[in-house]
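Take a look at the structure below.
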Amino acid sequence: MIYNFDEIIDRRGTFSVKYDLCKAVFGRADVLPMWVADMDFRTPDFIRDAVIARAKGDVYGYTFRDDGYYQAVADWITRRHGWKVDREWISYTPGVVAAINMAVMGLTSVGDGIIIQTPVYPPFIHSVASHGRRLITNTLKDSDHGYEMDFDLLEKQAEDAKMLILSNPHNPVGRCWTRDELQRLGEICLKNNLLVISDEIHCDLVLPGFKHIPFASLSPEFEKISITAHAASKTFNIAGMATSSIIIPNDALREKYVGFVHDTEIDLGNVLGKEATRAAMLHGEPWLAQLLNYLKDNADFAVDFIRREMPKVRVHKPEATYLLWLDFSGYGLSDEELNRRMVYEIGLGLNPGHEFGREGENHLRMNIACPRSVLKTALEKMKNF
């Protein structure tokens, strides 16, 4: 089956965060929204069919995830990424952000140091600061070849930390970390007894030509110090289904984490989210192959346009995700003026870079998971600005 990613879908009036909260977020309702990380593509038919079939049931009572559900997730990760995952390692939370917060609260103590690699997905910052833990920022280095980890600094910081939250692949800079990079990071964490929370929600959105390496897959030693977060939400556009998988190979660590989550009673789950995830894991690969080709073409189109028409904007072609990280510092605008003019002069709603850490000032994050015609309109607006 050939899927049409050029189709325009009107999402306004559907209680969409991306569209229907524009007035609250940007101060005007008529911006072209390219911010929240969900896609403007139709959720695949095999997922909608599974959800509709379950919705025809007579009762939506308490439900649980059966062995077949967990096995579908385990098989997907093994098949796609070469990491042999035991079904018993997998537990549930409503979302990856919830899982990170649960891990911070349940596995560290107030005052403990937690390392994040900025600029990074804002909930990483909040999950540390909101729970009385000490934020340690291992700032990524922007090179001509893309962003890189600062291992020399990490060596020093790891001596005074208990946990590292890894974005793999990285949101927002679009890096698909290599085996060597992850190996070196893991060795530092192992030497200093750091627990690694690896957010791999974008792992299935690695663009053609690159390969995702699950952090825990590198060695049995790394498995023992890791918690890996996975979800079908970004990949298959089902974030509203509130279902993610948390993989913890270490028995003692898993028991402690699962116990904490169970005590909060957020682990019962979503009756429809379970069916959507199972369908994605069982039937999603042909659709995903077409999606990734479309996203790569969008990324190529956008980066080529920006470099040709707006050479002062610094951008790296993403290796993964459907996000562009745009550096506008060459224009000499303040961060406040950049964001104000982007919204009020040309009507584009992008994520302000400062939300990703102070290193994100004068940057914007742009979601390019949309029909090509919409992307072209947004880029033309930006060019005029």
Side-chain angles (χ1 to χ4, degrees), residues 1-9 11 37-55 65-85 87 90 96 168-169 174 176 200-214 217 228-245 247 270 272-302 317-323 367-375:
M1 181 174 181
I2 303 300
Y3 293 95
N4 180 16
F5 297 104
D6 288 318
E7 179 187 13
I8 304 292
I9 299 172
R11 299 179 60 191
D38 67 5
M39 300 187 288
D40 287 336
F41 306 131
R42 189 179 297 277
T43 297
D45 56 335
F46 49 87
I47 293 178
R48 286 185 290 124
D49 290 346
V51 170
I52 291 169
R54 179 61 185 87
R65 287 156 299 283
D66 61 295
D67 284 343
Y69 167 88
Y70 287 114
Q71 197 59 54
V73 173
D75 290 347
W76 173 274
I77 293 171
T78 300
R79 192 167 64 246
R80 298 286 301 182
H81 307 300
W83 179 27
K84 178 60 177 174
V85 172
R87 171 258 175 276
I90 307 173
V96 168
N168 178 35
C176 178
E200 303 192 5
I201 196 170
H202 292 278
C203 70
D204 295 313
L205 292 167
V206 171
L207 300 181
F210 299 92
K211 179 174 175 54
H212 172 69
I213 307 294
S217 72
T228 302
H230 180 270
S233 54
K234 301 296 184 193
T235 308
F236 293 96
N237 218 20
I238 54 173
M241 290 294 183
T243 300
S244 66
S245 299
I247 307 166
N270 181 318
L272 299 181
K274 177 183 69 172
E275 300 305 328
T277 295
R278 188 203 305 265
M281 300 294 93
L282 292 176
H283 308 297
E285 288 180 281
W287 181 88
L288 178 56
Q290 294 182 44
L291 171 73
L292 292 176
N293 285 329
Y294 194 91
L295 291 177
K296 181 182 185 302
D297 289 345
N298 265 8
D300 290 344
F301 175 82
K317 192 166 290 188
E319 301 168 349
T321 80
Y322 45 71
L323 306 166
N367 179 347
I368 61 171
C370 59
R372 189 79 37 77
S373 61
V374 176
L375 177 59

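Here, residue 1 is the first one in the sequence, and each next residue gets the next number.
When all heavy atoms are compared, the tightest approach of Arg80 to Lys211 is O-NZ, 4.2 Å. Nearest heavy-atom pair across Ile47 and Ala280 is CD1-CB, 3.8 Å. The two atoms that bring Ala302 and Leu375 nearest to each other are CB-CD2, 4.2 Å, heavy atoms only. A pairwise comparison of heavy atoms in Ala299 and Leu207 identifies CB-CD1, 4.4 Å as the closest pair. Looking at every heavy atom in both residues, Val85 comes nearest to Thr78 through N-OG1, 3.4 Å. Shown here for Glu275 and Ala50, the closest heavy-atom pair between the two residues is O-CB, 4.0 Å.
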Please determine whether side chain to side chain contact (heavy atoms under 4.5 Å, CB included) holds for the pair Glu285 and Trp76, giving the CA-CA distance in whole Å, both sets of side-chain angles, and the decisive distance to 0.1 Å. CA-CA 9 Å; Glu285 288 180 281; Trp76 173 274; 3.4 Å; yes
Could you give me the CA-CA distance, side-chain angles and deciding distance for Met1 and Gln290, then say whether side chain to side chain contact (heavy atoms under 4.5 Å, CB included) is met? CA-CA 10 Å; Met1 181 174 181; Gln290 294 182 44; 5.6 Å; no
Assess the residue pair Arg65 and Thr277 against the criterion (side chain to side chain contact (heavy atoms under 4.5 Å, CB included)); give the C-alpha distance rounded to whole Å, side-chain angles, the decisive distance to 0.1 Å, and a yes or no. CA-CA 11 Å; Arg65 287 156 299 283; Thr277 295; over 6 Å; no
For Met241 and Val51: C-alpha separation, side-chain torsions, deciding distance, then whether side chain to side chain contact (heavy atoms under 4.5 Å, CB included) applies. CA-CA 10 Å; Met241 290 294 183; Val51 170; 3.7 Å; yes
Could you walk me through whether Tyr294 and Tyr3 pass ring-ring contact (aromatic ring centres under 6.0 Å, His included), step by step? CA-CA 10 Å; Tyr294 194 91; Tyr3 293 95; over 10 Å; no
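The side-chain heavy atoms of Pro318 and Phe210, taken from C-beta on, include no pair separated by under 4.5 Å. Contact annotation: the side chain of Ser233 approaches that of Ile201 to within less than 4.5 Å [non-hydrogen atoms, C-beta and beyond]. Side-chain atoms of Leu292 and Pro208, non-hydrogen and from C-beta on, do get closer than 4.5 Å to each other. Residues Leu323 and Ile368 fail the side-chain proximity criterion, which asks for heavy atoms closer than 4.5 Å. Residues Cys203 and His230 are in side-chain contact: their nearest non-hydrogen atoms beyond the backbone lie under 4.5 Å apart. Here the side chains of Pro214 and Glu200 are in contact, with some heavy-atom distance below 4.5 Å. Side-chain contact check for Thr243 versus Arg278: every heavy-atom pair is 4.5 Å or farther apart.
Rounded to the nearest 0.5 angstrom, Ser244 OG and Ile90 CD1 are separated by 11.5 Å. Expressed to the nearest 0.5 Å, how far CH2 of Trp287 lies from CD1 of Ile2 amounts to 14.0 Å. With rounding to the nearest 0.5 angstrom, the CD atom of Glu319 is 14.5 Å from the NE2 atom of His202. Interatomic distance, CG of Asp40 versus OH of Tyr322, reported as 9.5 Å (0.5 Å rounding). A distance of 3.5 Å separates CD1 of Ile77 from CD1 of Ile247, quoted to the nearest 0.5 Å. Distance CG/Asp38 to CZ/Phe236: 15.5 Å, rounded to 0.5 Å.
Residue Lys317 qualifies as enclosed at atom NZ: its count of foreign heavy atoms under 6.0 Å is above 12.
Side-chain N/O atoms of His212 and Asp204 include no donor and acceptor closer than 3.5 Å. Under the 3.5 Å distance criterion, with hydrogens and angles disregarded, a donor-acceptor pair is assigned to the side chains of Asp75 and Gln71.
Between the side chain of Thr43 and the backbone N or O of Asn237, at least one donor-acceptor pair lies under 3.5 Å. Within the 3.5 Å criterion, the main-chain N or O of Ser373 finds no donor-acceptor partner in the side chain of Asp6.
Remark: Arg372 is not positioned above the aromatic ring of Phe5, lacking an NZ or CZ atom under 6.0 angstrom from the ring centre and at most 45 degrees off the axis.
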